[in-house]
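Only a predicted model underlies this, so the values are computations on that prediction, with no experimental measurement involved.
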Amino acid sequence: ANDYVRAAPNILTQKLPAEEFTVDTRVELAQATNGDRAGLILNAMSYAWLGLRKHEGRNQLVYTTCTPAAIRCMEQATVVMDSAPAALHLRMQMKPGAQAEFAYSTDGQTYKRAGQPFSASKGRWVGAQMGLFSTGVQPGAGYLDVDYFRVRP
């Protein structure tokens, strides 16, 4: 699951609550080792996530998409911040037409867009889902610490 988050067992999701909404969360990648990843995900047959990754001893903020919509999509990651703090505020805004836009903030007030808008695809059973994930190379090493997960219209 190191290169394919959807196969990881550590995903906590729920169905999308409406056509338009915003989800805000504050996450921290704690006690991480190289290869550990955690963040906010829009999960379906294809998926996108914004979160933290431990790479070469430092935290990076990465925006990752996995396309095309298939049983096994291919992840492509873009480094948004090469040297990121261990904790960040993350946001996903769902817009009409199933378009998701991701953003991040260091202070919880001013958000910067991360990556291009992502088109949500169908899921296999319940449709697209939103949520949090944490995955790593060494089981039990690093973990995701979440302060809040808020959904609003």
Residue pair Gln129 / Leu42, side-chain heavy-atom distance below 4.5 Å: no

Same apolar cluster (I L V M F W Y, side chains within < 4.5 Å links), Leu90/Tyr143: no

Close side-chain approach of Arg53 to Asn59, heavy-atom, < 4.5 Å: no

Nearest heavy-atom neighbours spanning Val151 and Pro17: CG1-CG, 3.8 Å

Heavy-atom side-chain proximity of Met92 to Met130 below 4.5 angstrom: yes

Hphob cluster co-occupancy, Leu40 + Val5, side-chain heavy atoms under 4.5 angstrom: no

Heavy-atom closest pair, residues Pro68 and Cys73: O-CB, 3.2 Å

Under 3.5 Å: donor-acceptor pair, side chain of Asp145, backbone of Glu28: no

Verdict with reasoning, Tyr63 to Phe102, per ring pair (Phe, Tyr, Trp, His ring centres under 6.0 Å): CA-CA 8 Å; Tyr63 174 66; Phe102 289 85; 5.6 Å; yes

Under-4.0 Å salt bridge between Lys95 and Glu20: no

Residues Leu61, Val79; criterion side-chain contact (heavy atoms from CB on, under 4.5 Å); working and verdict: CA-CA 6 Å; Leu61 175 66; Val79 175; over 6 Å; no

Distance-minimising heavy-atom pair for Thr64 and Ala77: OG1-CB, 3.5 Å

Mutual orientation of the aromatic rings belonging to Phe133 and Trp49 [parallel < 30°, tilted 30-60°, perpendicular > 60°]: perpendicular

Hydrophobic cluster membership, Val62 vs Leu50, 4.5 Å side-chain cutoff: no

Nearest non-hydrogen partners of Ser119 and Ser46, listed with the distance: O-OG, 4.3 Å

Heavy-atom side-chain proximity of Gln99 to Phe118 below 4.5 angstrom: no

Distance (rounded to the nearest 0.5 Å) between Arg58 CZ and Met81 CE: 13.0 Å

Side chain proximity check, Tyr104 to Lys112, heavy atoms < 4.5 angstrom: yes

Arg26 side, atom CZ; Tyr148 side, atom OH - distance, nearest 0.5 Å: 7.5 Å

Considering all heavy atoms, the nearest Leu52-Ala84 contact: CD2-CB, 4.0 Å

From Leu132 atom CG to Phe149 atom CZ, the distance as rounded to the nearest 0.5 Å: 5.0 Å

Side chain proximity check, Leu144 to Leu29, heavy atoms < 4.5 angstrom: no

Val146 reachable from Val23 in the ILVMFWY side-chain graph, under 4.5 Å edges: yes

Atom pair CG/OG of Asp36 and Ser134 - distance to nearest 0.5 Å: 7.0 Å

Where Gly108 and Ser105 come nearest, the two heavy atoms and their spacing: N-OG, 2.8 Å

Atom pair CZ (Arg37) and CG (Asn10), whose distance is rounded to the nearest 0.5 Å: 12.0 Å

Value rounded to 0.5 Å, distance of CE in Met74 from OG1 in Thr65: 11.0 Å

Arg150 with Asp24: basic N within carboxylate O range, under 4.0 Å: no

Side chains of Ser83 and Gln60, donor plus acceptor under 3.5 Å: no

4.5 Å side-chain heavy-atom contact, Pro153 and Phe21: no

Side chain proximity check, Tyr47 to Glu75, heavy atoms < 4.5 angstrom: yes

Crowding at CD, Glu19 (>12 non-hydrogen neighbours, <6.0 Å): yes

